[in-house]
Amino acid sequence: MKATIVGEDEEDIGLEVTDNNNVVHHIEMHKVDGEIYSHNQNGYPDDPTERELEEGEQVGYARRYAQYYVYRERDYDTIPAPDNPDRIAAVLLAIIDLEQGAFEEYFGTLCEQVASHVREEVSPPLDLPEDVYTKEFLIYQQHVYLEQSLEEIQREVSAAGSDIVDRDALEQLLNANREDFLSRATAIFGDASLSALTIEGVSGVHTRYFAGRNDDRRIEGDDPFDREPDACLELLPGDLTPELYRLYIANNLVCQIRDCYIGMGLEPPAQYRVLGPGKDEFTGKYYHFDFYPDYWDHEAAIPGYSAPLPIMLSERLE
């Protein structure tokens, strides 16, 4: 993917984006929020219903990459907040840095609900209709809001760089036995102060499930903020013990950052090449579209990508 800014005034900005098929897209957007109001290209059918699936994805790549390019080059807030890899990385840093009590206060309900599907000793904290638990597809979501401005988020994430996910440290953790796992996990995800990023608040837990064909339903939790979250955790039911809760959330966020880059037609930075479910929208695409590798599958053999940490740990510690 390549882009060039070809025009700009007080309110709008225009780009020329060349996608991975060398198709040129002419895109114009509002600088204040990244809303694209003009998009022309001559490589795919104009009618979206006439495009092949891969052609439709290329058009989506161009739009998301255009927003990302303007954000990077001009610092305008042109990416939807929960799709901005910097905001997601900032939430990851903030969660890693939480004291255990604060982590449990913010995310205990979410993690216990996730674990209750598999572990009989964990009672589901959410009062959901019984038939929800019988659905083939079910995902729990929780919004996370940071106190910091986007400018502060950019500064902190830039300072952390690739250390956001220290691959060597994670490999050591994967090789840990039961006796020293907890101490090593604490060293990576525990007490050390990593950044100045702090959580302002979180939503309640939202439940999304399919009741039938083309029947996507959502049971809303409380949400204390009237703005976009900095990230939305999206967790599938899993066999987790409390010591793995933070690792499971961390892996989900790393995979979400991976999805942000893939959704722009880019290979993710090396530290985000991890397998496992990330953004639900992209998990569905990886599963149903043949031209995508199975990034969602922790057993997939994709060169340069590693298995998700929580799943490997849960298998190792059994």
Side-chain angles (χ1 to χ4, degrees), residues 1-89 141 143 150-151 153-154 157 208 214 216 227-232 234 255-269 272 278-293 295-296:
M1 303 294 291
K2 298 179 181 178
T4 303
I5 294 173
V6 296
E8 181 176 0
D9 59 26
E10 291 183 358
E11 297 181 353
D12 304 318
I13 189 166
L15 300 90
E16 185 176 275
V17 176
T18 303
D19 71 20
N20 294 326
N21 291 332
N22 288 319
V23 173
V24 177
H25 303 250
H26 298 278
I27 296 174
E28 298 179 28
M29 72 181 73
H30 298 309
K31 296 193 297 186
V32 67
D33 58 8
E35 180 186 357
I36 294 173
Y37 62 86
S38 178
H39 182 178
N40 298 296
Q41 49 77 34
N42 58 9
Y44 313 112
D46 290 332
D47 185 348
T49 64
E50 296 179 0
R51 296 171 189 157
E52 299 293 333
L53 288 175
E54 191 167 2
E55 293 176 334
E57 290 296 279
Q58 289 290 342
V59 173
Y61 295 162
R63 295 173 70 86
R64 286 187 287 268
Y65 184 72
Q67 293 172 320
Y68 176 77
Y69 187 83
V70 171
Y71 166 72
R72 284 299 190 197
E73 295 297 314
R74 294 289 194 267
D75 286 330
Y76 302 140
D77 191 5
T78 50
I79 306 176
D83 297 326
N84 185 325
D86 285 347
R87 290 186 185 272
I88 300 171
Q141 300 173 318
H143 297 159
L150 180 57
E151 181 179 357
I153 285 171
Q154 290 173 304
V157 169
R208 181 171 175 241
N214 298 322
D216 185 2
R227 60 182 173 91
E228 284 190 306
D230 291 289
C232 175
E234 301 188 83
C255 290
Q256 286 198 32
I257 297 170
R258 173 204 68 200
D259 293 344
C260 288
Y261 284 99
I262 291 172
M264 295 183 285
L266 301 175
E267 185 71 13
Y272 302 124
K279 285 184 167 294
D280 173 56
E281 173 190 359
F282 286 90
T283 297
K285 290 180 178 182
Y286 304 151
Y287 184 80
H288 292 291
F289 296 175
D290 292 339
F291 51 85
Y292 278 119
Y295 297 110
W296 63 274

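Position 1 is the first residue of the sequence; numbering continues from there. All heavy atoms count here, side chains included; hydrogens, waters and symmetry mates do not.
For Asp259 and Tyr295, the side-chain atoms include no donor-acceptor pair closer than 3.5 Å.
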Practice task
May I have the step-by-step check of side-chain contact (heavy atoms from CB on, under 4.5 Å) for Val70 and Lys31, ending in yes or no?
Solution key: CA-CA 8 Å; Val70 171; Lys31 296 193 297 186; 5.6 Å; no

Exercise for the section: I would like to know whether Val17 and Gln41 meet side-chain contact (heavy atoms from CB on, under 4.5 Å); could you show each step before the answer? Expected result: CA-CA 10 Å; Val17 176; Gln41 49 77 34; over 6 Å; no

Handout entry: Test side-chain contact (heavy atoms from CB on, under 4.5 Å) applied to Asp12 and Glu28, step by step
Key = CA-CA 7 Å; Asp12 304 318; Glu28 298 179 28; 5.8 Å; no

Practice task
Test side-chain contact (heavy atoms from CB on, under 4.5 Å) on Tyr69 and Thr78 and set out the steps.
Solution key: CA-CA 9 Å; Tyr69 187 83; Thr78 50; over 6 Å; no

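Side-chain contact between Asp86 and Arg72: present, with at least one pair of heavy atoms (C-beta onward) separated by less than 4.5 Å. Taking the side chain as every heavy atom from C-beta outward, Tyr71 and Leu150 approach each other to under 4.5 Å. Looking at Asp75 and Glu151, their side chains never come closer than 4.5 Å, going by heavy atoms from C-beta outward. Counting only heavy atoms from C-beta outward, the side chains of Gln58 and Val23 never approach each other to under 4.5 Å.
Under the 30°/60° scheme for interplanar angles, the aromatic rings of His39 and His25 are found to be tilted.
Side-chain N or O atoms of Lys279 include none that pairs as donor or acceptor with a backbone N or O of Cys232 at under 3.5 Å. Between the side chain of Glu50 and the backbone N or O of Pro45 there is no donor-acceptor pair closer than 3.5 Å. In this structure, Asp47 contributes its side chain and Thr49 its backbone to a donor-acceptor pair below 3.5 Å.
Closest non-hydrogen pair, Asn20 versus Gly265, comes out as ND2-O, 3.1 Å. For the residue pair Pro82 and Ile88, the shortest heavy atom distance occurs at O-CD1, 3.5 Å. Pairing each heavy atom of Tyr68 with each of Leu266, the nearest pair is CE2-CD1, 4.4 Å. Residue Tyr65 comes nearest to Ala3 through the heavy atom pair CE2-CB, 3.5 Å, listed as atom of the first residue, atom of the second, then distance. Minimum interatomic distance between Ala81 and Glu228 (heavy atoms only, all atoms of both residues): N-OE1, 3.2 Å. Shown here for His30 and Tyr37, the closest heavy-atom pair between the two residues is CE1-CD2, 3.6 Å.
With sequence neighbours left out, Asp19 forms a salt bridge (Lys or Arg N to Asp or Glu O under 4.0 Å) with no residue at all. By the ring pair (Phe, Tyr, Trp, His ring centres under 6.0 Å) test, Tyr44 is found to be paired with no residue, residues two or more places apart in sequence or in another chain being considered. Remark: Glu52 engages no residue in a salt bridge (Lys or Arg N to Asp or Glu O under 4.0 Å) (not counting sequence neighbours). Considering only residues two or more places apart in sequence or on other chains, Arg74 meets the salt bridge (Lys or Arg N to Asp or Glu O under 4.0 Å) condition with Glu8. Lys285 meets the side-chain contact (heavy atoms from CB on, under 4.5 Å) test with Glu57, Arg64, Glu281, Phe282, Phe289, Tyr292; sequence neighbours excluded. By the ring pair (Phe, Tyr, Trp, His ring centres under 6.0 Å) test, His26 is found to be paired with no residue, residues two or more places apart in sequence or in another chain being considered.
Rounded to the nearest 0.5 angstrom, Ile257 CD1 and Asn84 CG are separated by 10.0 Å. Taking CZ from Arg87 and CG from Asp230, the interatomic distance works out to 5.0 Å, rounded to the nearest 0.5 Å. Separation of atoms CD (Gln67) and CG (Asp83) is listed at 8.5 Å; rounding is to 0.5 Å. Rounding to the nearest 0.5 Å gives a distance of 7.5 Å between CG of Asn22 and NZ of Lys2.
Of the candidates Pro268, Pro269, Pro85, Arg258 forms a side-chain contact (heavy atoms from CB on, under 4.5 Å) with just one, namely Pro268.
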